[in-house]
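Keep in mind that the numbers below use all heavy atoms, side chains included, and drop hydrogens, waters and symmetry copies. We're numbering straight along the sequence, starting at 1. The model shown is predicted, which means the values in this text are computed figures rather than measured ones.
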Amino acid sequence: MHLIALEEAFAIPELQARFPVPKTDTAARWVEDWGKRLSDYTTYRLPEMDEHGIDIQVLSLTAPGIQGLTDARQAVTDARSANDHLAEVIAAHPDRFRGLAALPLQDPEAAVTELHRAVGALGLNGALVNDHTDGAYLDDPHYEPVWSALEDLGVPLYLHPGAPPTEPWRVLEGRPELRGPLWSWAAETGGHALRLIFGGVFDRHPRARVILGHLGEFLPFQLARLDSRYARQEHRALARKPSEYVGDNILITTSGVCSPAALAGAILAIGADAIMFAVDYPFEDTAEAVQFLERAPISDRDRAKIGHGNAERLLRLPTCHEVSA
């Protein structure tokens with residue numbers, strides 16, 4: 001089974017030192033293990049890919065990434081450095097790695113310039129941002145040029161969790177277990193994606209494509225609720241039902257959710273054409289992620305779409321048949 005994994009993190013130690021460490025309840029031994037794997041490509045990463053049959057990892061700068069910075073000038077410099085580093089890694093292993101660019105959204109004009117450079121000159125396949133940027137969400141009007149650039153270039157934006165929180169969330173007080181990847185990041189990122197829908201981003205930019213990890217940050221399982229409640233609201237300006245943007249403008253990956261029941265539900269909700277495989281390396285277990293997809297009670301046709309076909313189409317990658325030829 002050909003496998004392309006879409007949400008696979010890397011780090012650059014000298015840049016990472018400037019980013020605030022995301023506050024979660026993760027045990028120290030895991031943080032230490034992830035740290036050594038994030039900045040490695042040949043000692044741990046490629047052997048693990050080979051052992052479990054991952055053909056390609058699509059790499060992206062780990063959270064909080066550029067969204068962890070408040071200084072716009074530093075953000076522009078660090079995004080360029082991260083993207084140059086990523087392009088060098090891909091050039092050294094062109095058959096095994098692809099990449100999503102970091103964007104300095106602190107300066108939208110600079111972000112557009114960097115997106116064009118990353119895709120056009122460096123050959124990256126899209127961009128990834130870690131939720132909001134210093135409290136600004138992507139439905140803000142000053143990000144309109146970024147959406148236009150994504151459409152013009154025909155590349156997706158992966159909306160990933162992990163930006164520093166902008167304000168206290170009382171439901172998390174006294175319950176550190178809930179903060180971060182266990183629950184709050186999915187709720188926050190799913191909320192950000194809903195802002196894009198209800199803010200009319202996809203009505204203004206119908207060719208824009210956003211990717212959500214973790215089987216869609218809860219959204220595929222709430223579509224009927226979104227539609228029924230929206231239909232009863234006083235002010236309705238969307239061109240379509242809220243659910244109709246999920247599976248069309250919003251696609252999802254399997255990262256970190258190795259649940260056959262959830263995968264089956266997502267396929268029923270938005271269709272197998274809108275779902276792609278991911279591990280969430282090094283934070284999740286590669287063997288578990290691969291075995292989950294291999295054994296999932298779905299058709300082989302859907303398994304191939306999720307495993308590689310949809311990613312090849314969305315990221316404009318050579319198909320597995322072209323590679324083998």
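- A donor-acceptor pair under 3.5 Å links the side-chain atoms of Ser299 to the main chain of Asp302, judged by distance alone.
- Dense packing is recorded around CD of Glu173, with more than 12 heavy atoms of other residues, nucleotides or ligands lying under 6.0 Å away.
- The closest donor-acceptor contact from the side chain of Asp280 to the backbone of Ser255 lies at 3.5 Å or more, if one exists at all.
- When all heavy atoms of Pro141 and Pro145 are compared, the pair lying nearest together is O-CD, 4.4 Å.
- Under a 4.5 Å side-chain heavy-atom criterion applied to ILVMFWY residues, the cluster that includes Trp183 comprises Trp169, Val171, Leu172, Leu178, Leu182, Phe218 as well.
- Asp78 places no side-chain N or O within 3.5 Å of a backbone atom of Ile66 that could act as its donor or acceptor partner.
- For the pairing with Leu138, the side-chain contact (heavy atoms from CB on, under 4.5 Å) check across Asp131, Val201, Leu159, Thr133 returns one residue only, Leu159.
- In Arg204, the CZ atom is crowded: over 12 heavy atoms of neighbouring residues, nucleotides or ligands sit closer than 6.0 Å.
- Looking only at atom types and distance, the side chain of Gln57 has no donor-acceptor partner in the side chain of Arg96 under 3.5 Å away.
- Put simply, the side chain of Arg313 gets close to the backbone of Asp273: a donor and an acceptor are under 3.5 Å apart.
- One finds a salt bridge joining Asp248 and Arg240 here, because a Lys/Arg side-chain nitrogen approaches an Asp/Glu carboxylate oxygen to under 4.0 Å.
- One hydrophobic cluster holds both Tyr41 and Leu15 under the rule that ILVMFWY side chains link at heavy-atom gaps under 4.5 Å.
- A donor-acceptor pair is defined here as one N or O able to donate and one able to accept, closer than 3.5 Å; no such pair exists between the side chain of Arg117 and the backbone of Ala121.
- Of the possible polar contacts, one joining the Arg303 side chain to the Glu294 backbone as a donor-acceptor pair under 3.5 Å is found.
- Across Ala237 and Tyr230, no two heavy atoms sit closer than the pair N-OH, 2.9 Å.
- Classification of Asp33 and Arg29 as a salt-bridged pair fails, no side-chain N sitting under 4.0 Å from a carboxylate O.
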* To do: Could you check His192 against Glu217 for side-chain hydrogen bond (donor to acceptor under 3.5 Å, both in side chains), going step by step and ending with a plain yes or no?
  => CA-CA 10 Å; His192 192 163; Glu217 314 291 12; over 6 Å; no

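- With hydrogens and angles ignored, the 3.5 Å screen pairs no side-chain donor or acceptor of Gln67 with any backbone N or O of His132.
- Transitive grouping of hydrophobic side chains (ILVMFWY, heavy atoms separated by less than 4.5 Å) brings Ile298 and Met1 into a common cluster.
- Around atom CD of Gln291, more than 12 heavy atoms belonging to other residues, nucleotides or ligands sit under 6.0 Å away.
- Asn249 contributes atom CG, which lies 8.0 Å from atom CD1 of Ile197 (distance to the nearest 0.5 angstrom).
- Under 3.5 Å, the side chains of His214 and Glu7 contain a donor-acceptor pair of N or O atoms.
- Below 30°, between 30° and 60°, or above 60°: for Tyr158 and His160 the angle between ring planes is between 30° and 60°, a tilted geometry.
- For His85 and Glu88, the side-chain atoms include no donor-acceptor pair closer than 3.5 Å.
- Residues satisfying the salt bridge (Lys or Arg N to Asp or Glu O under 4.0 Å) criterion with Glu188, sequence neighbours excluded, are absent altogether.
- Distance alone, capped at 3.5 Å, places no donor-acceptor pair between the Arg45 side chain and the Pro282 backbone.
- Judged purely by distance below 3.5 Å, without hydrogens or angles, the side chains of Thr286 and Glu48 pair a donor atom with an acceptor atom.
- Here CD of Glu144 is found 3.5 Å from NE2 of His205. Values are rounded to the nearest 0.5 Å.
- Distance check: Lys305 NZ to Ile267 CD1 gives 9.5 Å after rounding to the nearest 0.5 Å.
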* **Working for side chain to side chain contact (heavy atoms under 4.5 Å, CB included), residues Leu115 and Leu124** => CA-CA 9 Å; Leu115 179 62; Leu124 301 186; over 6 Å; no

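- Within 6.0 Å of atom CZ in Arg73, 12 or fewer heavy atoms from other residues, nucleotides or ligands are found, so the atom counts as exposed in its surroundings.
- Closest heavy-atom contact between Ala289 and Val279: CB-CG2, 4.0 Å.
- Here the CZ-CG distance, from Phe10 to Asp40, works out to 13.5 Å after rounding to the nearest 0.5 Å.
- The two atoms that bring Leu212 and Ala193 nearest to each other are CD1-CB, 3.8 Å, heavy atoms only.
- The CE atom of Met276 sits 14.0 Å away from the CG atom of Leu3 when rounded to the nearest 0.5 Å.
- Remark: Thr319 OG1 to His2 NE2 distance equals 8.0 Å, nearest 0.5 Å.
- One side chain, Asp227 or Ser243, offers a donor N or O that lies under 3.5 Å from an acceptor on the other.
- In terms of hydrophobic clustering, with Ile, Leu, Val, Met, Phe, Trp and Tyr side chains grouped at heavy-atom distances under 4.5 Å, Leu194 and Leu215 are assigned to a common cluster.
- The closest donor-acceptor contact from the side chain of Asn83 to the backbone of Ala101 lies at 3.5 Å or more, if one exists at all.
- Looking at heavy atoms from C-beta onward, Leu238 lies in side-chain contact with Tyr245 at the 4.5 angstrom threshold.
- Between Phe277 and Ile54 there is a side-chain heavy-atom pair separated by less than 4.5 Å.
- Residues near Tyr137 contribute nothing to a hydrophobic cluster around it, because no ILVMFWY side-chain heavy atom sits closer than 4.5 Å to its side chain.
- With 3.5 Å as the limit, one finds no donor-acceptor pair spanning the side chains of Gln106 and Asp134.
- Closest heavy-atom contact between Ala287 and His52: CB-CE1, 3.3 Å.
- Minimum interatomic distance between Pro47 and Thr42 (heavy atoms only, all atoms of both residues): CD-O, 3.2 Å.
- Side-chain atoms of Asp55 never come within 3.5 Å of backbone atoms of Ile4 as a donor-acceptor pair (strictly under, hydrogens ignored).
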